[in-house]
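Working notes, beginning with the structure itself.
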Amino acid sequence: HEDQEELITPECKDLMSSLSRGKGWVLIHLYQYQGFWHTTRQLQGVLACQKMFQAQATDLILVSTPKSGTTWLKAMAFAIVNRNRYFCYDDHHPLLTNNPHELVPFLELKLYVDNNVPDFTNFVHPRLFSTHIPHISLPESIKDLKCKIVYLCRNPKDTLVSLWHFTNKLRPKTLEPLQIEEAFERFCGGVSLYGPFWDHVLGYWKESLQRPQSILFLKYEDIRDAPKVHLRKLAEFLGYPFSLEEEKEGVVEELLKLCSFDNLSNLEVNKVGKLSSGEECSSFFRKGEVGDWTHYLTSEMIEQLDMITTKMFKGSGLEF
Ligand code: A3P
């Protein structure tokens, strides 16, 4: 897409010429806008939704750092909010035939991508959207209307390893795969998709402390540790708590099973399907484990990354 000049608006081109440029993961360059690093296509999507997206107070926004389990969160939120329309035992549940990214669209990467003008007429209410946009760059109406935001992040070491695998899958065959050492350098320097990772997390963390009723802050590892507790928390926050009857019927367990890595990754749609934005659905399901970084990072890398995380999160109350 870096080469598809015709898709870049003059406004975006103009802005890009004034932005700092860094080394990309998938394509050649990233651009720093409002403190965060974006691909050209992503940046254009961010600008478009900043300009045009009109939130409604009932909108539910799922925000995450890339590779923190966005696909999983989308599946869980969709299943929770729509469980009266689509029963979780239903053989025709949309999650069985659609990748979660098609059911909960990204604002900047799907709805407003490539100059698209989204049509919201068929959206059911409450509308469910997702984004990786950092807090500082969120469309104003989301902040003004205090839309409910669920924020998901993940241990930076697993995030890095997952991002490295993912971006290498997306890299054009004409480019050499990115080596882990290079990915590590860029990640540590903050030059990663929607990075710096730590600033992204801190932006939402601080907001969640100030406005806990509007922002639910979640970590991938915590959900893995106690899935039932977190699914209930998510349902309650979104305004769809489980009733006693549902609890007795095992709906919580059923929803978790429906959204589990094993279930989703083995569905035909996620094994062979492609997203409308071009990515293979299978690229969103790799291992789904906590601590896979032990297989890829050297002890020096681990020490350095941990040091950065400790320094960046010092005094914030955040730990990984
Ligand atoms: P790994 O690469 O470590 O396996 P995102 O959805 O934000 O792109 O994040 C992708 C990461 O979440 C990948 O991590 C992927 O395997 C994992 N993942 C995807 N679906 C999941 C699910 N249903 N449960 C747990 N993890 C999941």
Side-chain angles (χ1 to χ4, degrees), residues 25-26 39 42 61-80 88 93-96 98-110 128-134 150-170 178 180 183 187 192-195 197 200-201 204 218-228 230-231 234 253-267 269-271 273-275 277-297 305 320:
W25 292 54
V26 178
T39 63
Q42 196 178 300
I61 320 279
L62 311 180
V63 187
S64 57
T65 44
K67 311 325 291 173
S68 59
T70 319
T71 318
W72 190 20
L73 176 64
K74 286 186 183 193
M76 290 189 285
F78 180 88
I80 287 171
C88 51
H93 196 288
L95 276 167
L96 299 177
N98 297 272
N99 179 275
H101 293 286
E102 299 291 358
L103 299 172
V104 184
F106 277 114
L107 285 172
E108 76 283 17
L109 300 174
K110 168 120 194 242
L128 260 178
F129 296 115
S130 82
T131 182
H132 291 313
I133 299 179
V150 179
Y151 183 73
L152 178 65
C153 59
R154 186 182 191 184
N155 176 312
K157 295 186 288 255
D158 277 331
T159 303
L160 160 63
V161 167
S162 185
L163 185 65
W164 173 61
H165 279 106
F166 181 72
T167 48
N168 267 340
K169 273 187 207 148
L170 298 188
L178 197 66
I180 186 69
F187 190 85
S192 60
L193 301 183
Y194 299 87
F197 168 86
H200 199 288
V201 175
Y204 283 96
L218 297 174
K219 291 183 195 159
Y220 181 89
E221 297 76 20
D222 292 347
I223 309 178
R224 289 299 302 255
D225 261 7
K228 282 192 224 170
H230 287 87
L231 195 78
L234 180 61
E253 288 80 357
E254 272 314 306
L255 278 190
L256 281 172
K257 223 189 278 171
L258 174 66
C259 301
S260 68
F261 181 89
D262 282 349
N263 186 45
L264 295 185
S265 62
N266 283 308
L267 296 170
V269 60
N270 292 326
K271 282 206 262 190
K274 264 192 177 184
L275 294 187
S277 43
E279 300 89 345
E280 285 176 15
C281 295
S282 60
S283 62
F284 292 92
F285 304 94
R286 194 180 60 93
K287 281 194 180 168
E289 286 172 8
V290 174
D292 190 38
W293 51 267
T294 48
H295 301 116
Y296 297 95
L297 305 181
L305 201 42
F320 279 92

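One-based numbering, in listed order, for ligands and for the atoms of each. Owing to the predicted nature of the structure, the values given are computational and were not obtained by experimental measurement.
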*Sequence neighbours left out, what pairs pass salt bridge (charged side-chain N to carboxylate O under 4.0 Å, His left out) with at least one residue falling in residues 99-109?*
Glu102-Lys110
*asked:* In terms of relative ring orientation, are His93 and Phe78 parallel, tilted or perpendicular, with 30° and 60° separating the classes?
replied: perpendicular
*Once the angle between the rings of Tyr204 and Tyr151 is folded into 0 to 90°, is it parallel (under 30°), tilted (30 to 60°) or perpendicular (over 60°)?*
parallel
*Indicate, with yes or no, if the rings of Phe166 and Trp25 have centres closer together than 6.0 Å.*
no
*Aromatic ring proximity Trp72/Tyr220, centre distance under 6.0 Å*: yes
*Relative to Phe106, does Lys74 satisfy both conditions: NZ or CZ under 6.0 angstrom from the six-membered ring centre, and within 45 degrees of the ring's axis?*
yes
_Shell of residues surrounding ligand 1, defined by a 4.0 angstrom heavy-atom cut-off that is strict_ = Lys67, Ser68, Gly69, Thr70, Thr71, Trp72, Arg154, Ser162, Tyr220, Cys259, Ser260, Phe261, Phe284, Phe285, Arg286, Lys287, Gly288
